[in-house]
Protein chains: 2
Amino acid sequence: MDGRWLNDDEQRTWRSFLMATRLLFDQLERDLKEESDLSFAYYEILTRLSEAPGRSMRMATLAAACVFDRSRLSHAVDRLVREGWVRRVPVGQDGRGQLAELTDDGMAVVRRAAPHHIERVRTLIFDRLTPDQQRVLAEISEIVATGITDPIRLTRMGWPEAELSGPAAPGPPGPARTAR
Amino acid sequence: MDGRWLNDDEQRTWRSFLMATRLLFDQLERDLKEESDLSFAYYEILTRLSEAPGRSMRMATLAAACVFDRSRLSHAVDRLVREGWVRRVPVGQDGRGQLAELTDDGMAVVRRAAPHHIERVRTLIFDRLTPDQQRVLAEISEIVATGITDPIRLTRMGWPEAELSGPAAPGPPGPARTAR
DNA sequence: CCCGTATTGCTGAATTTTCAACTACATACC
DNA sequence: GGTATGTAGTTGAAAATTCAGCAATACGGG
């Protein structure tokens, strides 16, 4: 199972990467909090909605976009609804579905918060990287993301133990866990 | 203050990076949980301690290494102590200091968890990147981390409002907030 | 139409993290 | 010695996130 360790370079790179991403995200979170009193999570939800057609998205889609699990998104949206920034709208066709829709107040919040945040992203990252480094960063991100892809965090949600580990039932056992 | 937006490439890269890091860390967290019933945070604390001389570190140093704020580390160590994996030891010279020290049980936990985890890191990242990409990843991480550097999260902790924003007192106003 | 299974989203409790304040010790200066 | 200020670490409550399970709906096949 094991045996394939990391060599020194890899070890250093990994640690460095861990530290960098944390410092970065922590800093962004702090900035966002100070400037706009928003958490990164909420900011992202609002932003995604603001970009979506009709300023609204299916919960599952939104969850996938933000890389949240369903539960987390539900709770978060609860909060945003309480705040008056988001509204829940039943979706037409699918009786199970809910649409999260950005309110005007919510839109205002995004518009107010975005410029600072983006400026910070620019300052903390893009301004410091050469075009080449930016290009490779994009490559790497693409590669890493593609390798994982469990958009709505299926394996994490409530599949009864049996479904996940049971002696592979006839046919493709579970839901689209393998597919993408 | 604003005005400097992100161009399309940058925008794409940023989104891609966000998604990649989240998918990655989520996946690692899940693996760690499944294989060893550990959170990434706890795993990291234990690992750092296991590598430290005497299997122990000052709380502040450990916090800086893990990029935790002091409070978070305190609570986390509480938990690890309850679990019997870490012990708190007063440090000799400085009467305020505490040393977090890994117990034998804690060491055993690390040893059991590490191989799987490292294998996953290898599979999810290093195996998929070319040497060149790895090199650039290291560069980028270095650059980004260096730009931020607020190791023990000073600005976040409990400085009374006055200290932080007040009309700069005579001499260097606060603690080493500016220095590094 | 009915059944079994998949999907969507939510809920409540447990755990973790954040936030603000506080205690105790150290240090520098008079 | 006494005072002012900085530093290390903790604490308790609030907020966020995870975890496990549930209810309602959709969908495919008999």
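All chains are named by letter (A, B, ...) in the order of the sequence lines, taking the proteins before the strands, and each is independently numbered beginning at 1.
Annotation: salt bridge (charged side-chain N to carboxylate O under 4.0 Å, His left out) contacts involving residues 137-147 of chain B, sequence neighbours excluded, comprise B:Arg135-B:Glu139.
In this entry the distance linking CZ of A:Phe68 with P of D:dT18 reads 9 Å, nearest Å. Distance, B:Leu73 CG to C:dT16 C1': 14 Å, rounded to whole Å. When rounded to the nearest whole Å, the span between CD1 of A:Ile45 and P of C:dG9 equals 14 Å. Per the geometry, CG belonging to A:Leu99 stands 17 Å off P belonging to D:dT25, to the nearest Å. Protein atom CZ of B:Arg70 is 15 Å distant from nucleotide atom C1' of C:dT18, rounded to whole Å. A straight line from CG of A:Asp69 to P of C:dG9 spans 13 Å, rounded to a whole angstrom. For the pair B:Phe40 CZ and C:dT17 P, the interatomic distance rounds to 12 Å; values are reported in whole Å. Between A:Glu44 atom CD and D:dT17 atom P there is a gap of 12 Å when expressed in whole angstrom units.
Heavy-atom nearest nucleotides on DNA chain D were determined for A:Gly92 and for A:Ala41, and the one closer to the 5' end corresponds to A:Ala41. Nearest-nucleotide positions on DNA chain D place A:Lys33 closer to the 5' end than the other of A:Gly95 and A:Lys33.
Considering CG of B:Leu6 and CZ of A:Arg122, their distance stands at 5.5 Å, rounded to 0.5 Å.
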Under 3.5 Å, N/O pairs linking protein and nucleotides 12-14 of chain D:
| from | atom 1 | to | atom 2 | distance (Å) |
| --- | --- | --- | --- | --- |
| D:dG12 | O6 | B:His75 | NE2 | 2.8 |

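There is no side-chain donor-acceptor pair under 3.5 Å between B:Gln11 and B:Asn7.
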Counting only pairs under 3.5 Å, give me each side-chain donor-acceptor contact of residues 37-46 of chain B, with atom names and distances, residues two or more places apart or in other chains.
| from | atom 1 | to | atom 2 | distance (Å) |
| --- | --- | --- | --- | --- |
| B:Ser39 | OG | B:Ala41 | N | 3.4 |
| B:Ser39 | OG | B:Tyr42 | N | 3.1 |
| B:Glu44 | OE1 | A:Arg22 | NH1 | 2.5 |
| B:Glu44 | OE1 | A:Arg22 | NH2 | 2.7 |

Check residues 94-101 of chain A and write down every donor-acceptor pair under 3.5 Å in which the side-chain atom is one partner and the other belongs to a residue at least two apart or another chain.
| from | atom 1 | to | atom 2 | distance (Å) |
| --- | --- | --- | --- | --- |
| A:Asp94 | OD1 | A:Arg96 | N | 2.9 |
| A:Asp94 | OD1 | A:Arg96 | NE | 2.9 |
| A:Asp94 | OD2 | A:Arg96 | NE | 3.4 |
| A:Asp94 | OD2 | A:Arg96 | NH2 | 2.7 |
| A:Glu101 | OE2 | A:Arg87 | NE | 3.2 |
| A:Glu101 | OE2 | A:Arg87 | NH2 | 2.8 |

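Between the B:Gln133 side chain and the B:Thr130 main chain, a donor and an acceptor come within less than 3.5 Å of each other. Judged purely by atom type and a 3.5 angstrom limit, A:Ser50 uses its side chain to pair as donor or acceptor with the backbone of A:Thr47.
Within residues 76-88 of chain A, the residues that place at least one heavy atom under 4.0 Å from DNA chain D are, in residue-number order, A:Arg79.
The side chain of A:Arg58 contributes an N or O atom lying less than 4.0 Å from OP1 or OP2 of C:dG9.
Interface remark: the A:Arg96 side chain does form a donor-acceptor pair with the C:dT7 base, using a distance-only criterion of under 3.5 Å.
With sequence neighbours left out, A:Arg58 forms a side chain to side chain donor-acceptor pair (under 3.5 Å) with no residue at all.
Salt bridge A:Lys33/A:Asp26: absent, no basic N to carboxylate O contact under 4.0 Å.
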